[in-house]
Amino acid sequence: MAQAQKITPRAKDFSEWYGDVIAQAQLADHSPVRGCMVIRPHGYRMWELMQRALDDMIRASGHKNAYFPLFIPMSFLAKEAEHVEGFAKEVALVTHTRLRATGKQGKDAIAVDPSSALEEPLVVRPTSETIIYAMFAKWIQSYRDLPLLLNQWANVVRWELRTRLFLRTTEFLWQEGHTAHADEAGAEQEARLILGIYRRFAEEWMAMPVITGVKTDSEKFAGALRTYAIEALMQDNKGLQAGTSHNLGQNFAKAFEVRYQTAAGGLEFVWNTSWGVTTRLIGGLIMTHADDNGLVAPPRLAPVQVVIVPIWKTDDERNQLSVVGNQIKADLDKAGVRVEFDVRENLKPGAKYFEWEGFGVPVRLEIGPRDLASGQVVLARRTGGKAPVPLPSAVGAVTAALDEIQAALFAAARERREQNSIRGATKAQFLEFIKGSGGGGFAYGGFCGNPTCEAEIKQHTNATIRVLPDPEFRSKEAPKTCMWCGAPSIAEAVWAQAY
Ligand SMILES: [Zn+2]
């Protein structure tokens with residue numbers, strides 16, 4: 001049973017607040033292994049709902065799911081130079097396969113059996129490009145085998161030093177798509193298609209508005225030609241990279257000899273893409289919508305969308321309410337709504353409200369003897385507002401409320417993002433904005449394209465270019481000069497401090 005613990009207000013300590021919300025909603029917990037996370041049933045259910053929605057979208061666009069091994073031969077990682085540099089510092093290695101009993105006591109009772117050393121150590125996958133493209137080389141012979149469109153749902157391990165539940169953990173869950181195409185246009189179209197799917201998922205399911213665009217060279221994926229990303233703004237005005245889609249060019253195809261015979265009979269390297277979103281999305285959802293009372297789950301991803309709480313004094317009242325409550329639950333079940341009827345006897349209604357609020361349940365139906373007498377139920381929204389609803393129209397009122405809440409959460413988050421964005425900022429304005437008491441936000445400004453300039457900004461302000469935004473998000477007037485150095489601008493950039 002959850003203890004009625006107090007949640008630190010956002011304004012006091014955002015990071016504490018974040019941890020409190022997760023604890024209160026029982027989403028995840030720290031594990032005995034440092035940096036690793038245990039996803040609790042409520043959090044895992046949310047991941048399953050995300051997975052289902054996104055998997056439908058991925059498969060509807062022609063991709064098929066497969067599964068590749070957790071272990072990758074160490075030499076594979078060395079085949080693509082940029083890739084190995086990007087991941088070498090955070091890999092877990094398997095070097096032995098046996099332990100042996102020593103005859104000693106306590107923690108010395110077992111030791112590594114030196115005779116079990118692997119000839120070649122295995123890397124626990126930090127991402128699967130290398131092993132997947134090694135297989136692609138086997139499966140792709142001719143242009144008829146293209147495009148090859150695969151996805152896998154898996155766990156990966158990156159040995160992170162500083163971790164935080166959902167946002168950055170040593171092991172995390174994700175999907176990783178890997179595709180091969182006959183030409184550059186095919187790969188580029190694919191990378192863009194997926195970026196669109198990620199955006200649609202973030203906005204329509206998570207109610208989390210994102211901006212889309214391309215990463216600068218210093219922020220792109222190790223080994224990619226181009227990296228596209230969706231970026232969201234959290235309530236503390238820090239950016240969150242929520243998903244990435246890479247056009248890998250022919251880098252991996254060349255490293256792993258993935259070639260195909262063209263229609264004309266020539267031999268060409270394929271063009272690859274890879275793309276992924278992770279359990280980090282749950283962190284993004286929390287930091288977009290939750291409040292000082294706990295989690296606020298967007299209805300489409302809420303493990304429980306509606307909770308019915310009966311209020312009784314006598315056994316007679318309880319029995320009556322039980323009949324009506326079960327009927328409402330059955331009707332909502334039938335309408336496809338995820339509903340709980342909270343008949344626990346050892347808990348007062350107020351304590352139940354508190355608990356379900358912490359879980360982020362979007363709608364609560366309260367029903368007492370007086371409501372029963374007047375043929376109504378009280379519909380309370382997690383985001384505020386309470387009104388009686390006639391019993392016969394309860395299902396319609398609930399589904400309408402869920403739709404409204406979903407839309408309102410998205411609108412509110414987008415408005416917050418826009419209120420915390422500045423455009424056409426000068427260097428002075430940018431410095432004020434990014435270091436100000438509001439904690440920054442998205443700063444749009446001109447960029448000269450020089451990585452030195454980018455590095456200098458990062459060093460001074462800890463802000464990075466989140467993306468060079470797509471046309472839809474760009475300012476009406478294109479900036480003429482670099483916000484930082486004053487040289488001619490080659491593109492508008494969005495800067496923010498980020499997770
Ligand atoms: Zn510059």
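Order of listing sets the numbers, starting from 1, for every ligand and every atom in it.
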What protein N, O or S atoms come within a distance below 2.8 Å of the Zn ion (ligand 1), ordered by chain and number? C448 SG, C453 SG, C482 SG, C485 SG
Pair K458 + E454: basic N to acidic O under 4.0 Å: no
Does anything in residues 488-499 pair up under side-chain hydrogen bond (donor to acceptor under 3.5 Å, both in side chains), and if so which pairs, sequence neighbours excluded? D236-Y499, S475-E492
Taking the basic N atoms (NZ, or NE/NH1/NH2) and the acidic carboxylate oxygens, is any pair closer than 4.0 Å for E477 and R423? no
Close aromatic pair by centroid cut-off 6.0 Å: W275 and H63: yes
Return each pair, listed once, that meets ring-ring contact (aromatic ring centres under 6.0 Å, His included) where at least one residue sits in residues 163-196; pairs must be two or more places apart or across chains. Y133-H178, F172-W174
Pairs flagged by salt bridge (charged side-chain N to carboxylate O under 4.0 Å, His left out) wherever residues 129-146 is involved - sequence neighbours left out: none
